[in-house]
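Single-structure report; data block below.
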Amino acid sequence: MASAEIAVDRAALFEFLTRMGDNTLILGHRVSEWCGHAPVLEEDIALANTALDLIGQTQLWLGLAGEVEGKGRNADALAFLRDAAAFRNCLLVERPNGDFGQTLMRQFLFDAWHHVMLTALTKSADPRVAEIAAKAVKEAAYHLERSSDLVIRLGDGTDESHARMQRALDDMWSYVGELFISDDADRAVAAAGIAPDPASLKPEWEAIVSEVLREATLKAPTSAYVHKGGRRGVHTEHLGYILADMQFLQRAYPGATW
Amino acid sequence: MYAQLVKSEGMKSAAELSPEERAFQERIDRGEKIEPKEWMPEGYRKTLIRQVGQHAHSEIVGQLPEGNWITRAPTLERKAILLAKVQDEAGHGLYLYCAAETLGVSRDQLLAKLHDGSMKYSSIFNYPTLNWADIGAVGWLVDGAAIMNQVQLQKTSYGPYSRAMIRICKEESFHQRQGYDIMMKMAQGTAEQKAMAQDALDRFWYPALMMFGPSDKDSVHSAQSMAWKIKINTNDELRQKFVDQTVPQAEYLGLKIPDPNLKWNEEKKGYDFSEPDWSEFFEVIAGNGPCNKERLGARVKAWEDGAWFRDGLLAHAEKAEARRAAARVAAE
């Protein structure tokens, strides 16, 4: 057991780890829905690759969450045998894919946060967290590079691609703020030096996003309204359907080995 | 795999060959590779475009039946393996479209022919994946049949196609092992899992045999393709090899091949087996398979829905180029 765990409430650490792992699991699921349906073959490959990275990170985060919890649940048990209210992903990642612009904008807004978060986590006081972050941050850097590039090109492309990207930004914007709101669990892991306080990530995230949007000739919405709830288990209607799909085999054939 | 019923030009006798054609045939007979910029008979080029194009289309349509289970894969590891596999298939499509481009046809031209139905993809992908064991059966049988065909195509006479095959074969054999691993877990699992495994084998056995195409002993197309080494073995030879390899694997799994006539023939040192129902095969090729409409429909929809995306990227590239040109002028 790492020393960090002694200093932090086990429940808060579990909460933090499931938030990380559920974000990657649900976004990986959404991205994987594109498989074979992308607008161009290179995007089919890139999307499968992104989903694969995210599912790989899920295995690490939820694997560690299961260890920390100490109740014998592994990553699969957490992914496939919890119901929606126990999921801790942000609402942004469960937004439906929509058109490719919506998928891309969701990815970009998430990647910018993810990269800033993982960079901070590489300095975590918990070496297990730092180790996962060190692996994941390289993947997230690539995801961010790719999604930024496409947002810029499509924002500054045709009138139609610009309009679609602006609409996607308008639609997704109010789901981002949740990532920067701190609660007791966040404050506990931050106090133990395991993870940054979510609110502290906002300036850097804003710097990345505003620069990309400027180049993309897109305008950030001025509305400050923030949808929230995902990080404490109150989700949109979409998550139930994601889980019905994802958990079908484990639920229909309990105890089977696959 | 995945080239069936590829039309070739009628075969000429040695006396009918022009001096150029004769020299070309001699190069092939010596085992030389033909490279993109070199002279080749128009029939050779056309046959290869059909074959490589059909193969490429099969790889990208082949994403769909497997993609059907990605969101429902039963564990995170199975999900990751399946994602990696489908990503590989798309990558194979990419190499093959590139190989076809060296013959003077663009990817967009080939896709237009896929979308309007004038080019085909392998019949196998018009069958549905109905339970999780189907993902195992696709890897074991479909990739297994594909490898049988592609291993020989590594020796094909056209350089870019041959090199693409070498790379693709490595990944395909990995996929086949992963598919068999799923089948093992299912066959050794609960009664319900075993039933899924048997059901998958029952449904995929004959469609897998059809992948090699109908018997080609009377086909002039095959004779020309074989003379050009675009095709190395006959369909029947490959099908026999596939059956001989697969039967013991099914026995090891404790599954039954759905063929009452399957029997070891000591004399030929191979299995006797029933032919698939070729009328079903021709129906599937004609568009009447269980999933033809969904598969082609999904590809056409992806292409049409993605038009704004491709146009946007193109427009940006043009704008960026214009800005660079303007900057150069300003600097002068």
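- A salt bridge links A:Glu211 with A:Arg214; the closest basic N to acidic carboxylate O contact falls under 4.0 Å.
- Ring geometry for B:Trp69 versus A:Phe248: interplanar angle of 30 to 60°, hence tilted.
- Looking at A:Arg30, neither its backbone nor its side chain comes within 4.5 Å of chain B, counting heavy atoms on both sides.
- The choice from B:Pro74, B:Gly67, B:Ala90, B:Ala298 that makes the most heavy-atom pairs within less than 4.5 Å of chain A is B:Pro74.
- Only the backbone of A:Ala38 has a heavy atom closer than 4.5 Å to any heavy atom of chain B.
- With respect to chain A, the highest number of heavy-atom pairs below 4.5 Å among B:Ala80, B:Gly312, B:Gly306 belongs to B:Gly312.
- The side chain to side chain contact (heavy atoms under 4.5 Å, CB included) test with B:Ile60 singles out one residue from B:Phe125, B:Tyr121, B:Tyr97, and that residue is B:Tyr97.
- Proximity to chain B (any heavy atom under 4.5 Å) is shown, for A:Gln247, by neither the backbone nor the side chain.
- Looking at B:Arg310, only its side chain comes within 4.5 Å of chain A, counting heavy atoms on both sides.
- Proximity to chain A is limited to the side chain of B:Met196, based on heavy atoms less than 4.5 angstrom apart.
- Checked for salt-bridge contact, B:Arg167 and B:Glu171 miss the test: no charged N lies under 4.0 Å from a carboxylate O.
- Partner of A:Leu54 under the side chain to side chain contact (heavy atoms under 4.5 Å, CB included) criterion, out of A:Leu27, A:Ile26, A:Asn49, A:Asn23: A:Leu27 alone.
- Between B:Ser118 and B:Asp116, the side chains place a donor N or O and an acceptor N or O closer than 3.5 Å (distance only, hydrogens not considered).
- In terms of non-hydrogen atom pairs under 4.5 Å with chain A, the most contact-rich of B:Thr71, B:Ile70, B:Asn68 is B:Thr71.
- Side-chain contact check for A:Asp53 and A:Gln57: no donor-acceptor pair (N or O, by modelled atom type) lies under 3.5 Å.
- With a 4.5 Å cut-off on non-hydrogen atoms, B:Ala73 touches chain A through its backbone but not through its side chain.
- Classified by interplanar angle (parallel below 30°, tilted 30° to 60°, perpendicular above 60°), the ring pair A:Phe100/A:Trp34 is perpendicular.
- Ranked by heavy-atom pairs under 4.5 Å with chain A, the list B:Asp311, B:Thr75, B:Thr190 is led by B:Thr75.
- Contact of B:Leu94 with chain A is made through backbone and side chain together, with heavy-atom distances under 4.5 Å.
- If you measure heavy-atom distances from B:Asp305 to chain A, you find no contacts under 4.5 Å at all.
- If you tally non-hydrogen atom pairs under 4.5 Å between each of B:Gly136, B:Ala320, B:Ala317, B:Ala315 and chain A, the highest count goes to B:Ala315.
- Considering only heavy atoms from C-beta on, A:Gln59 comes within 4.5 Å of B:Glu77 through its side chain.
- A cation-pi arrangement is absent between B:Arg203 and B:Tyr127 under the rule of less than 6.0 angstrom and at most 45 degrees off the ring axis.
- By number of non-hydrogen pairs under 4.5 angstrom with chain A, the leading residue of B:Met186, B:Gln87, B:Glu318, B:Lys301 is B:Gln87.
- Counting heavy-atom pairs closer than 4.5 Å to chain B, the top residue among A:Asp44, A:Leu41, A:Thr158, A:Ile242 is A:Leu41.
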